[in-house]
Enquirer: 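Structure in structure tokens, see below.
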Amino acid sequence: MYLMKTFLHVGCGPQYQSSLKGFNNANWKEVRFDIDESVNPDIVGTLTDMKQVETGSVDAIYSSHNIEHVYPHEVSIVLKEFHRVLKDDGIVVLHCPDLQAVCEVVAQDKLYEKLYDSASGPITPMDILYGHIASIAQGNDYMAHKCGFTYSLLNDVFLKAGFKINVGGQMPGWNLFIVSFKQLKSDDEIKKIAEPFFPSFLK
């Protein structure tokens, strides 16, 4: 009998499953989780306190540009919550800003130079380092960034939180990605599981 898998979309904002590579198919059921009630999440909560999500209840977690919104000392709390709510064979698929790449631009004295255009407008190194300035100016304090990562640090904090093995790296657009596994996997298993989420980077 076929069983659909469930993924927890943490910090979902206005995004839905249909726009998420690897999750946008009939194999997955989305549960939306956010601190902001205005985006109509299934569960209202914070990354550091996910008590409304049962232990061992989801097959995967998808997190895009959320973890930089907590303080450095809270990162381990967040990842241990991720570890707790995942089933034994669960995975985390996560994106966050690439501070190493951004700081290379900052070192060229281009802190306010436009890097790219987003749906929210032009994005500068200052936006990536500290949070989207225009949104924060309009009163959306949730957008403030409180920490940041290079890939080596991201890999390390996942392992310290109890995850067994990771695959990931730098992406175009000043972003990092990681797929983190709660159980050890072979190289072939890792590639097979992770490839739907980042096909062009795992070949």
Side-chain angles (χ1 to χ4, degrees), residues 5-17 19-24 28 30-35 41 43 45-50 53 57-87 89-102 118 128-129 131-132 142-143 145-183 185 190-202:
K5 293 184 177 182
T6 298
F7 77 97
L8 186 68
H9 187 178
V10 301
C12 58
Q15 273 194 325
Y16 282 84
Q17 178 175 359
S19 65
L20 307 182
K21 183 177 292 186
F23 290 111
N24 56 347
W28 291 99
E30 178 187 36
V31 176
R32 292 161 48 77
F33 181 98
D34 204 286
I35 191 173
I43 302 171
T46 69
L47 294 180
T48 55
D49 184 2
M50 300 172 67
V53 184
S57 62
V58 297
D59 298 281
I61 291 171
Y62 177 75
S63 171
S64 179
H65 291 265
N66 309 134
I67 199 167
E68 66 271 18
H69 295 281
V70 303
Y71 290 109
H73 69 276
E74 295 176 316
V75 171
S76 62
I77 298 171
V78 172
L79 296 185
K80 286 175 181 176
E81 279 288 82
F82 284 7
H83 193 276
R84 176 185 67 80
V85 304
L86 284 171
K87 295 179 181 178
D89 200 28
I91 64 169
V92 177
V93 179
L94 183 143
H95 298 263
C96 69
D98 178 1
L99 290 198
Q100 185 172 352
V102 173
S118 74
I128 296 175
L129 288 172
H132 190 240
Y142 297 142
M143 294 298 290
H145 292 181
K146 300 172 182 175
C147 70
F149 301 87
T150 62
Y151 182 73
S152 62
L153 176 59
L154 190 65
N155 180 74
D156 188 53
V157 293
F158 267 93
L159 295 177
K160 286 181 177 177
F163 290 88
K164 299 301 184 184
I165 194 165
N166 307 310
V167 61
Q170 295 176 299
M171 297 177 66
W174 295 274
N175 288 312
L176 300 174
F177 80 92
I178 195 168
V179 182
S180 189
F181 296 79
K182 199 171 175 180
Q183 291 185 345
K185 301 286 182 183
I190 290 170
K191 183 175 181 180
K192 181 178 179 180
I193 292 168
E195 195 168 26
F197 307 108
F198 303 102
S200 61
F201 298 95
L202 295 172

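Keep in mind that this is a model prediction, so the values were computed, not measured. The residues of the chain are indexed from 1 along the displayed sequence.
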Enquirer: Which heavy atom of Val75 sits nearest a heavy atom of Cys147, and at what distance?
Expert: CG2-SG, 3.9 Å
Enquirer: Can you tell whether the side chains of Lys182 and Asp59 come within less than 4.0 Å, N to carboxylate O?
Expert: no
Enquirer: Measuring centre to centre across the rings, with the benzene-like ring taken for any Trp, is His69 within less than 6.0 Å of Tyr142?
Expert: no
Enquirer: Which salt bridge (Lys or Arg N to Asp or Glu O under 4.0 Å) pairs, counting each pair once, include a residue from residues 150-162, with sequence neighbours left out?
Expert: Asp156-Lys160
Enquirer: Of all the heavy-atom pairs spanning Gly11 and Asp34, show the shortest one and how long it is.
Expert: C-OD2, 3.1 Å
Enquirer: State, yes or no, whether a side-chain contact exists between Phe198 and Lys21 at a heavy-atom distance under 4.5 Å.
Expert: no
Enquirer: Would you call Phe149 and Val157 a side-chain contact if the rule is heavy atoms closer than 4.5 Å?
Expert: yes
Enquirer: Going through the checks in order, is the side chain to side chain contact (heavy atoms under 4.5 Å, CB included) test met by Thr46 and Val70?
Expert: CA-CA 10 Å; Thr46 69; Val70 303; over 6 Å; no
Enquirer: State yes or no: are the ring centers of His95 and Phe197 separated by less than 6.0 Å?
Expert: no
Enquirer: Do side-chain atoms of Glu81 reach the backbone of Leu47 as a donor and acceptor pair under 3.5 angstrom?
Expert: no
Enquirer: Side-chain contact, heavy-atom cut-off 4.5 Å: Leu99 with Leu129?
Expert: yes
Enquirer: How close do Gly162 and His83 get, counting heavy atoms only, and between which atoms?
Expert: O-NE2, 3.3 Å
Enquirer: Heavy atoms, side chains only, cut-off 4.5 Å: are Ile77 and Met50 in contact?
Expert: no
Enquirer: As a quick check of understanding, evaluate side chain to side chain contact (heavy atoms under 4.5 Å, CB included) for Asn175 and Asp98, giving each step before the final call.
Expert: CA-CA 5 Å; Asn175 288 312; Asp98 178 1; 5.6 Å; no
Enquirer: Mind checking the CD-NE2 spacing from Glu68 to His145? Nearest 0.5 Å is all I need.
Expert: 4.5 Å
Enquirer: Once side-chain hydrogen bond (donor to acceptor under 3.5 Å, both in side chains) is applied, do any residues pair with Ser19, and if so which ones, sequence neighbours excluded?
Expert: none
Enquirer: Indicate, with yes or no, if the rings of Tyr62 and His9 have centres closer together than 6.0 Å.
Expert: yes
Enquirer: For Arg32 and Ile43, run side chain to side chain contact (heavy atoms under 4.5 Å, CB included): C-alpha distance rounded to whole Å, both residues' side-chain angles, the deciding distance at 0.1 Å, then the answer.
Expert: CA-CA 6 Å; Arg32 292 161 48 77; Ile43 302 171; over 6 Å; no
Enquirer: When you measure from the side chain of Asn155 to the backbone N and O of Leu153, does any donor-acceptor pair fall under 3.5 Å?
Expert: no
Enquirer: Cationic tip of Lys164 within the cone over Phe181's six-membered ring, i.e. under 6.0 Å and within 45° of the normal?
Expert: no
Enquirer: Do Tyr151 and Phe177 make the cut of ring centroids closer than 6.0 angstrom?
Expert: no
Enquirer: Decide yes or no on side chain to side chain contact (heavy atoms under 4.5 Å, CB included) for Val10 and Phe82, but give the supporting numbers first.
Expert: CA-CA 10 Å; Val10 301; Phe82 284 7; 3.9 Å; yes
Enquirer: Hey, are Asn166 and Ser180 close enough side-chain-wise for a donor-acceptor pair under 3.5 Å?
Expert: yes
Enquirer: Do Val58 and Leu86 have side chains that get closer than 4.5 Å, going by heavy atoms?
Expert: yes
Enquirer: Would you check if Val53 and Leu8 make a side-chain contact, meaning some heavy-atom pair closer than 4.5 Å?
Expert: yes
Enquirer: What heavy-atom pair brings Leu176 and Pro97 nearest, and what distance separates the two atoms?
Expert: CD1-O, 3.7 Å
Enquirer: Are Glu30 and Tyr16 packed together at the side-chain level, in the sense that at least one heavy-atom pair is separated by less than 4.5 angstrom?
Expert: yes
